[in-house]
Amino acid sequence: MPPPPSHGLNVIALISGGKDSLYSILHCIRNGHKVVALANLHPPPPPNTSSSTTQNDNVEESKSTGESGVQEGADDIDSFMYQTIGWGVIPLYEEALGIPLYRQAIVGGAVDTGRVYGDATTATEEKVEGGGGGGDGGRDSPDETESLIPLLHRVMAAHPEANAVCAGAILSTYQRTRIEDVAGRLGLTPLAWLWQYPFLPRPMERISGIPGGAETEAGLLEDMSAVGCSARIVKVASGALDESVLWGDVAGGAGAEGARLRGKLVKGMRRFAADGEDIRGAVLGEGGEYETLAVDGPGFLWKGRIEIAEGGREVRVGEGGVAYLRLSGAKVVPKEQQQGDEFTPETVRRPALFDRGFESALEGLWDGIEEEDEVGQTETPAWMALNCVQSVNGGIWTVANITAPEAGPGAGEQMAAIAKKIHAILDNSSQDGAGPRTTADIVFTTVLLRSMGDFPLMNSIYVGLFKKPNPPARATVACGEILPKGVNVMLSMVVDLGPRARRYGLHVQSRSYWAPANIGPYSQAMSIPLQGTERAVYIAGQIPLEPASMELAECPQQNGQPLWAQTYCLRAVLSLQHMWRIGTAMDVNWWLGAVAFFTGRDHTKARARAAWKLWEKMHDSTEEAEQEDEATLDIWDIKYGRRGHEQAKPVASHRIPDLDLVADGSDSRVPGFLAVQVHELPRNSDIEWQGLGYRCEGVKVSRTEAEYGRTTNVTTNENQVYSFIEVDGGASSSDLKSRIQRVLEACTVSSNSCHCVIYSSQPLPQDGFPGQVVPCKSVWGAEGRKLAAGAIVQRQAC
């Protein structure tokens with residue numbers, strides 16, 4: 001189990017009264033953070049109610065009497081964003097938890113109903129271009145999301161130490177992106193501990209507590225039960241449930257009642273699920289199937305439990321199978337403080353760090369890898385200046401090797417000049433006959449720095465290039481002194497020439513247990529359509545950050561192996577798992593190939609061999625069946641937010657790689673691979689994986705040998721060809737140039753009909769190479785073979 005972070009955050013917890021938002025508070029505490037305030041948005045009061053009640057809505061009454069009166073006004077509102085059922089009980093949480101509560105009325109409705117908040121390309125037809133993120137989306141009424149702004153402003157004024165905000169989003173991109181948008185504008189770190197929780201590896205405590213270790217669809221509810229939570233169903237809106245389950249305890253920490261109810265939920269959802277449909281989200285109520293009210297929990301958080309008199313629960317039945325409870329007479333009953341409370345923050349279960357397949361891959365990864373290697377390598381001579389080159393292949397336009405040494409010696413000065421060049425290139429574009437392009441069409445960038453010390457200066461300018469919620473994916477490495485003289489920043493970009501509405505991105509900025517949060521100006525991935533039905537997915541470089549703490553993973557012990565080797569293997573597996581999870585979320589079913597960037601002056605061959613061995617093992621057909629099932633994002637809410645039960649479509653989970661895609665007669669099932677040694681990586685990491693994912697109906701994998709080296713080709717059903725070319729060592733730079741030229745000729749490459757990336761350990765002349773160039777210390781191929789260079793070529797088959 002990974003350790004808690006070394007420094008904690010001061011968190012504002014957004015609560016709805018539901019099980020997920022209250023359970024997320026326990027995870028804040030479990031991960032070493034302090035919850036300084038609770039915040040809640042509730043339905044607006046009736047027109048004849050004094051406006052002053054919207055400021056804290058009966059909180060003073062609950063403090064003085066310990067009881068909540070009968071709800072006034074609407075029992076519930078049909079909000080895409082907020083749970084509002086049982087809102088009259090919310091004031092009691094201040095007393096029950098001993099944490100200050102701030103409340104405010106919801107203003108407006110779901111104006112911006114796009115999948116990603118503020119992104120006009122994913123919004124409904126009603127949304128005006130550019131709206132949403134600014135508040136009103138071009139409509140007379142403000143979007144309900146904007147109600148969070150004044151509420152959080154009030155909390156931050158009262159608690160200036162607050163620097164984070166927590167919410168209970170599990171599968172709802174609709175909800176998560178809106179909270180992240182608001183958090184970003186207010187300078188708060190977003191936390192979403194339950195993000196993708198049903199599809200993460202089970203906590204070890206749950207495995208040991210279930211006979212045979214079998215997984216269940218109600219795993220999250222069982223974890224809530226295990227720490228003494230109690231959450232009652234207060235609304236149902238699904239044909240699988242009726243009013244008979246109202247006030248049932250889905251966590252049921254007190255006994256068998258919860259287990260029976262969880263079984264009923266699972267059985268009901270299975271009865272109404274389509275064949276192959278994963279019901280784990282439905283069992284949790286993520287599609288709006290039911291909503292809950294948390295009434296109790298462990299004593300380290302809950303100072304009292306919420307009770308509602310027997311006569312204070314009135315069942316009301318609406319249309320379409322909706323039934324809910326109207327609550328009154330709620331009160332807080334203080335708990336007796338007992339010595340040796342069985343629940344502590346450490347008893348809050350957290351998902352295991354590794355999925356089953358990656359845990360298996362880590363075991364024995366170092367076996368058979370020898371440490372002997374060249375030590376203390378000399379630096380490669382500095383390169384000459386490189387030309388900026390462009391190419392177009394189908395709907396993809398690449399612009400490579402953009403530099404600006406003339407702007408001055410500083411990385412900030414050079415990046416500012418590069419930004420101007422980017423705008424000029426896009427403004428003058430006529431690549432597809434559709435006129436100029438903008439930075440919103442950039443889907444991937446590679447940023448090469450001289451030193452990672454230049455990163456803050458570069459990034460402060462880079463962030464200004466992108467205004468959309470989903471900026472391009474990005475890989476950033478430092479090449480050291482081998483960059484051309486005077487060049488401190490070099491940038492290459494991939495531009496999608498297709499319709500913006502057909503591309504989509506993934507930009508998770510919240511901390512969770514899923515994968516590292518992207519708090520910078522780049523997305524985890526961007527997916528773009530190609531010809532026909534296929535899609536290319538550009539994935540950002542992934543380093544081995546432990547997602548919950550956002551710190552580099554460390555090994556607690558040596559286990560008989562060299563500590564550097566054990567740490568490196570752990571990090572290699574974790575960072576590749578991040579890439580895999582992102583690919584799964586983006587519906588990837590095949591990798592076209594990957595590059596493992598690594599650092600270090602010693603054991604370079606061993607590092608390269610370990611990365612290859614891991615890549616090969618993850619494509620072993622015997623390992624495929626052991627991988628954890630995962631789900632794509634937005635199972636219910638791409639368009640309808642939390643109302644997905646009304647128009648949900650089943651989404652089948654899938655695995656990467658889908659080996660059934662490989663055509664008969666293929667030479668291999670392992671896609672292309674390169675290991676590239678560079679000077680530095682972000683956060684002082686020693687490895688970073690960067691891959692190109694694909695969504696297609698079939699592939700053929702072939703390997704060929706030539707005098708210059710080995711080529712691994714992946715050809716898709718629609719005749720896209722991706723070649724990973726291993727260029728064997730040459731005696732001189734001119735010999736290497738000749739070899740690379742033969743490589744390009746063999747691939748039928750012309751200067752503007754393909755995309756080419758060359759990783760070279762020897763300086764290359766500035767002319768004659770139609771693609772992006774990455775200067776590096778060394779390059780390695782399959783089986784840990786040392787190369788003079790590696791090339792990746794993307795083209796249309798002849």
Side-chain angles (χ1 to χ4, degrees), residues 114-116 119-125 129 173 390-399 426 429-445 466 468-474 493-507 522-540 579 582-593 632-635 638-639 649 651-652 654 656-658 661 671 690-700 714-722 752-755 792-797:
R115 171 179 175 265
V116 176
D119 186 355
T121 63
T122 63
T124 62
E125 294 179 357
E129 174 78 25
T173 292
Q390 301 184 32
S391 64
V392 176
N393 180 17
I396 300 175
W397 172 31
T398 63
V399 184
L426 294 171
S429 167
S430 59
Q431 298 295 335
D432 58 349
R437 291 286 169 172
T438 74
T439 56
D441 298 306
I442 302 173
V443 293
F444 185 76
T445 64
F466 308 105
K468 292 287 184 180
N470 285 328
R474 181 177 77 181
M493 63 183 184
V494 178
V495 182
D496 176 25
L497 299 176
R500 292 176 186 171
R502 293 191 61 202
R503 80 177 73 117
Y504 58 88
L506 177 66
H507 191 198
Y522 64 101
S523 296
Q524 277 96 349
M526 293 294 295
S527 175
I528 63 173
L530 301 178
Q531 297 176 3
T533 61
E534 297 179 350
R535 300 186 71 92
V537 181
Y538 292 87
I539 296 182
M579 192 180 92
I582 292 167
T584 301
M586 296 297 287
D587 211 26
V588 167
N589 59 4
W590 190 260
W591 296 116
L592 298 172
T632 55
L633 304 184
D634 295 329
I635 293 180
I638 288 179
K639 182 176 181 181
K649 295 181 179 179
V651 176
H654 64 277
I656 309 174
D658 181 353
L661 297 175
Q690 197 276 309
L692 180 60
Y694 215 69
R695 181 70 185 176
C696 60
E697 298 300 324
V699 296
K700 182 176 182 179
V714 176
T715 304
T716 74
N717 275 10
E718 295 175 6
N719 290 322
Q720 290 288 331
V721 182
Y722 296 81
N752 61 358
S753 64
C754 76
H755 304 314
I792 303 173
V793 178
Q794 172 189 345
R795 68 190 190 280
Q796 185 77 26

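In what follows, every heavy atom counts, from backbone to side chain, and hydrogens, waters and symmetry copies are set aside.
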Verdict with reasoning, Tyr694 to Thr716, per side-chain contact (heavy atoms from CB on, under 4.5 Å): CA-CA 9 Å; Tyr694 215 69; Thr716 74; 3.4 Å; yes
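- You'll find the side chain of Arg500 stays beyond 4.5 Å of the side chain of Ile528, heavy atoms only.
- Here the closest heavy-atom approach between residue Gly532 and residue Arg502 is recorded as O-NH2, 4.4 Å.
- Donor-acceptor pairing under 3.5 Å is lacking for the side chains of Arg474 and Thr445.
- Side-chain contact between Ile656 and Trp590: absent, with no pair of heavy atoms (C-beta onward) separated by less than 4.5 Å.
- Of the possible donor and acceptor atoms, none in the side chain of Asp587 sits under 3.5 Å from a partner among the backbone N and O of Arg695.
- Within the model, atoms SG of Cys754 and CG of Asn393 stand 7.0 Å from one another, a figure rounded to the nearest 0.5 Å.
- A donor-acceptor contact shorter than 3.5 Å links the side chain of His507 to the backbone of Pro469.
- Taking each heavy atom of Leu592 and Val714 in turn, the nearest pair found is CD2-CG1, 3.9 Å.
- Ser523 places no side-chain N or O within 3.5 Å of a backbone atom of Ala525 that could act as its donor or acceptor partner.
- For the pair Asp441 and Arg503, the salt-bridge criterion is met [side-chain N within less than 4.0 Å of a carboxylate O].
- Taking all atoms of both residues into account, the shortest heavy-atom contact from Cys696 to Asn589 is O-ND2, 2.9 Å.
- Remark: side-chain polar atoms of Arg795 are not paired, donor with acceptor, to backbone N or O of Gln720 under 3.5 angstrom.
- Scanning both residues, Tyr522 and Ala540, for their nearest heavy atoms gives CD1-CB, 4.0 Å.
- Residues Tyr504 and Arg535 meet the side-chain proximity criterion, which asks for heavy atoms closer than 4.5 Å.
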Working for side-chain contact (heavy atoms from CB on, under 4.5 Å), residues Ile396 and Val494: CA-CA 7 Å; Ile396 300 175; Val494 178; 3.5 Å; yes
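- Closest approach of Ile539 to Gln690, counting heavy atoms only: O-NE2, 2.9 Å.
- Pro472 and Met526 make their closest contact through CA-CG, 4.1 Å (heavy atoms, listed as atom of the first residue, atom of the second, distance).
- Between the Gln524 side chain and the Ala473 main chain, no donor and acceptor come within less than 3.5 Å of each other.
- Looking at heavy atoms from C-beta onward, Leu692 lies out of side-chain contact with Phe444 at the 4.5 angstrom threshold.
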Stepwise side-chain contact (heavy atoms from CB on, under 4.5 Å) test for Leu497 and Val392: CA-CA 9 Å; Leu497 299 176; Val392 176; 4.2 Å; yes
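- A side-chain donor-acceptor contact under 3.5 Å links Glu534 to the backbone of Glu718.
- Judged purely by atom type and a 3.5 angstrom limit, His755 has no side-chain atom pairing as donor or acceptor with the backbone of Trp397.
- With contacts defined as side-chain heavy-atom distances shorter than 4.5 Å, the pair Leu426/Ile442 qualifies.
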